[in-house]
Amino acid sequence: KNRTMAAVLFALARGIAAGISPISDCDETYNYWEPTHYLMYGSGFQTWEYSPLFAIRSYAYLLLHALFGYPVELLTHNKVLVFFAIRAALGLFCAFSEYTFYKAIQKSFKSQFVAQAYAFFSIFSTGLFISSSAFLPSALAMSLMLHAFAFWLKGQPTLSVPFVALSSLLAWPFSAALGVPIALAVMLRRSLLTLVGVALAALVFILLPMVALDAYYYGKPVIAPLNILLYNVFSSSTSSQLYGVEPWYFYLLNLLLNFNIVTPLALLSPFALLLPAVREHTARACALLSPLWIWLAIFTLQPHKEERFLFPIYPLLTLAAALTLDAIRAQLTRVSLLKKLAPVLTVLVFVVFALLSLSRTASLVAGFTAPLQVYAHVPSGPVSQRVCVGKEWYRFPSSFLLPHGTQLDFIRSEFRGQLPAHFNTTYGTTVAPPHFNDLNREQEDRYVDLSTCDFLVDLATDKATDLEPRYDLQPQWTRVFCTSFLDAAATPLPDRALFIPFRRSRVVTRDYCLLKREV
């Protein structure tokens with residue numbers, strides 16, 4: 001009965017996320033949704049990563065997701081439904097992976113409370129609301145690694161290796177770091193030869209098909225996972241730092257926002273697991289949580305930090321918090337004077353966590369889903385149409401939301417980095433297009449003249465410049481559809497971080513608009 005309820009709640013939570021979660025990372029749009037749109041419909045944006053000159057992204061990863069879109073396209077010929085079908089598939093796979101891990105936790109820990117608390121924290125967490133249906137390699141790595149962790153928990157680390165390989169090769173190469181403790185477990189339980197044998201088999205059945213597919217699309221042999229490692233880790237001339245650096249505490253603040261009290265509970269787990277009441281599973285729990293600490297150590301030390309880099313450890317974070325709460329409860333019940341505090345503490349933690357998480361999630365949905373709504377209002381036209389965007393280029397969700405025959409283009413703004421370019425039907429995917437670089441240098445050929453735009457998407461702010469004027473106030477543009485978008489800079493911290501009903505008057509919003517040129 002508990003398992004059925006958990007399965008339903010996991011699926012329900014991830015299905016809701018697939019339907020209403022905003023796209024929070026432009027990498028998701030331009031590196032994954034756009035090339036997938038090109039594969040399915042013959043148009044879309046191409047980033048420098050997909051140029052055969054650099055080839056650090058795999059088309060195999062895109063095709064895996066497109067497989068869930070093709071049947072919907074054949075049945076409905078509706079790109080918006082295809083978009084949400086792919087998101088739903090990602091969310092439901094995440095739910096299945098979480099349920100698999102939940103069952104393994106149930107079997108592995110004497111206290112059933114650990115599995116229940118893990119499920120509760122996971123279902124309500126804002127972090128997993130964001131990551132579960134994201135079209136990002138780190139999100140798929142998270143789901144795949146849940147299966148690896150589940151087999152490891154059940155005492156079958158050898159069966160974990162193929163999932164580590166899938167996660168590292170097909171999804172995100174850096175997730176291999178999470179598999180280091182599993183590799184050690186295989187060597188201790190079996191042998192180094194067993195580990196090598198299973199790893200080689202995984203390479204043959206996973207990497208070779210990937211190389212074959214990518215060779216077809218790039219026109220040459222390509223090992224995309226190796227290329228991305230070489231670019232991010234071993235290259236002396238290029239660096240991910242070109243895209244920004246953050247202070248060491250960036251991830252701590254991010255985790256507090258998306259997991260609130262689960263974060264300190266998780267960070268306390270090494271100490272809580274030393275309590276006498278839970279000593280019988282201390283060794284097992286510490287081993288299972290070791291990838292969490294390895295990951296945090298590696299990525300905290302990197303200057304370039306992004307929220308999505310933490311996706312693979314989100315389930316371990318909720319498990320660590322569950323283990324801490326279980327340890328504290330168990331210890332309290334051993335002291336007669338404190339025994340009655342255990343259920344009170346449990347209810348308090350659950351209620352506070354759920355309220356803060358729902359408030360944070362509601363704030364994200366209310367404040368940042370405007371781009372999904374606005375682009376969905378672009379009308380179909382009898383001839384080809386051009387929708388333009390300037391400073392809001394990085395919030396474009398996907399060409400899947402644009403009608404057939406409608407193309408997005410960029411106009412000049414204050415941004416001075418390299419923008420994506422349209423896939424060229426002449427070059428296809430096998431010829432390196434001109435004017436791509438891996439140094440984030442601006443390319444002039446990305447812009448079109450404003451006079452050629454039929455529609456324009458823009459955020460109406462008070463900070464107008466020559467290159468970023470208030471287009472909505474200009475006579476040649478009329479509003480087609482506008483909705484509110486959170487102005488984070490002008491809104492007090494508590495009100496932009498959380499949805500607080502009795503303080504909504506303090507929230508500052510701006511109009512996010514679809515504008516049409518007056519003829």
Side-chain angles (χ1 to χ4, degrees), residues 1-22 24 91 94-95 97-99 101-102 105-106 111-133 142 146 252-269 272 307 310-311 313-329 332 341-369 493-504 507:
K1 187 177 179 180
N2 286 343
R3 287 188 175 184
T4 302
M5 179 64 73
V8 170
L9 291 176
F10 276 129
L12 182 63
R14 304 314 167 219
I16 292 172
I20 65 174
S21 177
S24 57
C94 179
S97 303
E98 290 175 298
Y99 177 64
F101 191 42
Y102 166 80
I105 294 169
Q106 265 193 329
S111 171
Q112 291 301 293
F113 177 80
V114 175
Q116 293 164 0
Y118 160 76
F120 186 91
F121 290 149
S122 297
I123 287 166
F124 280 95
S125 90
T126 304
L128 282 153
F129 172 84
I130 296 168
S131 62
S132 59
S133 57
M142 176 188 74
L146 279 168
L252 178 61
L253 294 179
N254 188 268
L255 290 175
L256 286 170
L257 266 178
N258 290 330
F259 288 89
N260 57 80
I261 59 174
V262 155
T263 300
L265 283 173
L267 296 178
L268 286 172
S269 60
E307 178 181 330
L310 292 189
F311 286 0
I313 61 165
Y314 280 177
L316 292 181
L317 195 80
T318 55
L319 175 60
L323 286 165
T324 297
L325 186 56
D326 177 65
I328 295 172
R329 278 167 38 94
L332 288 175
L341 279 178
V344 176
L345 175 66
T346 302
V347 172
L348 183 64
V349 168
F350 282 170
V351 169
V352 170
F353 173 74
L355 289 176
L356 288 175
S357 295
L358 290 173
S359 179
R360 173 62 179 162
T361 300
S363 177
L364 291 177
V365 173
F368 300 106
T369 52
L493 176 60
D495 304 288
R496 69 173 182 261
L498 301 172
F499 189 98
I500 308 172
F502 57 85
R503 288 172 57 102
R504 293 303 289 171
V507 175

Practice task
Let me see the working for V114 and L319 under side-chain contact (heavy atoms from CB on, under 4.5 Å), right down to the final yes or no.
Solution key: CA-CA 8 Å; V114 175; L319 175 60; 3.9 Å; yes
Exercise for the section: For the pair M142 and L128, evaluate side-chain contact (heavy atoms from CB on, under 4.5 Å) and give the outcome as yes or no after the intermediate values. Expected result: CA-CA 10 Å; M142 176 188 74; L128 282 153; 3.6 Å; yes
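Although no hydrogens or angles enter the test, the distance criterion places a donor-acceptor pair under 3.5 Å between the side chain of T263 and the main chain of L255. The closest donor-acceptor contact from the side chain of T318 to the backbone of P315 lies under 3.5 Å. Checked by atom type and distance alone, the side chain of Q106 never pairs as donor or acceptor with a backbone atom of Q112 at under 3.5 Å. Judged by distance alone, with hydrogens and angles left aside, the side-chain atoms of S363 form a donor-acceptor pair with the main-chain N or O of R496 at under 3.5 Å.
Within the 4.5 Å cutoff, no side-chain heavy atoms of R503 are placed close to those of L498. The shortest distance between side-chain heavy atoms of S133 and R14 does not fall below 4.5 Å. When side chains are defined from C-beta on, I313 counts as touching L310, because their heavy atoms get closer than 4.5 Å. Residues F129 and V365 meet the side-chain proximity criterion, which asks for heavy atoms closer than 4.5 Å. In this structure, F121 and V349 have side chains that are in contact, with non-hydrogen atoms separated by less than 4.5 Å. Residues F350 and F124 fail the side-chain proximity criterion, which asks for heavy atoms closer than 4.5 Å. Side chains of S125 and F353 form a contact here, defined as non-hydrogen atoms less than 4.5 Å apart. Looking only at side-chain heavy atoms (C-beta outward), V262 and F120 stay at 4.5 Å or farther from each other.
The minimum heavy-atom distance between T324 and S269, with the atom names listed, is OG1-CA, 3.0 Å. Taking every heavy atom of both residues into account, L256 and P264 meet most closely at CD2-CD, 4.0 Å. When all heavy atoms are compared, the tightest approach of A327 to A272 is CB-O, 3.5 Å. Smallest separation of non-hydrogen atoms from A266 and L317: CB-O, 3.5 Å.
Between the CZ atom of F259 and the CG atom of N254 there is a distance of 9.0 Å, given to the nearest 0.5 Å. The OH atom of Y102 sits 11.0 Å away from the OG atom of S122 when rounded to the nearest 0.5 Å. Note that CD1 of I261 is 8.5 Å distant from CG of L325, once rounded to the nearest 0.5 Å. The OG1 atom of T126 sits 9.0 Å away from the CG atom of L356 when rounded to the nearest 0.5 Å. Between C94 atom SG and Y314 atom OH the span is 12.0 Å, to the nearest 0.5 Å.
Applying the side-chain contact (heavy atoms from CB on, under 4.5 Å) rule to L355 yields the partners V351; only residues at least two apart in sequence or on another chain are considered.
The aromatic rings of Y118 and F10 sit tilted relative to each other, their planes meeting at an angle between 30° and 60°.
The list of side chain to side chain donor-acceptor pair (under 3.5 Å) pairs with a residue in residues 345-360, not counting sequence neighbours, reads N260-S357, R329-T346.
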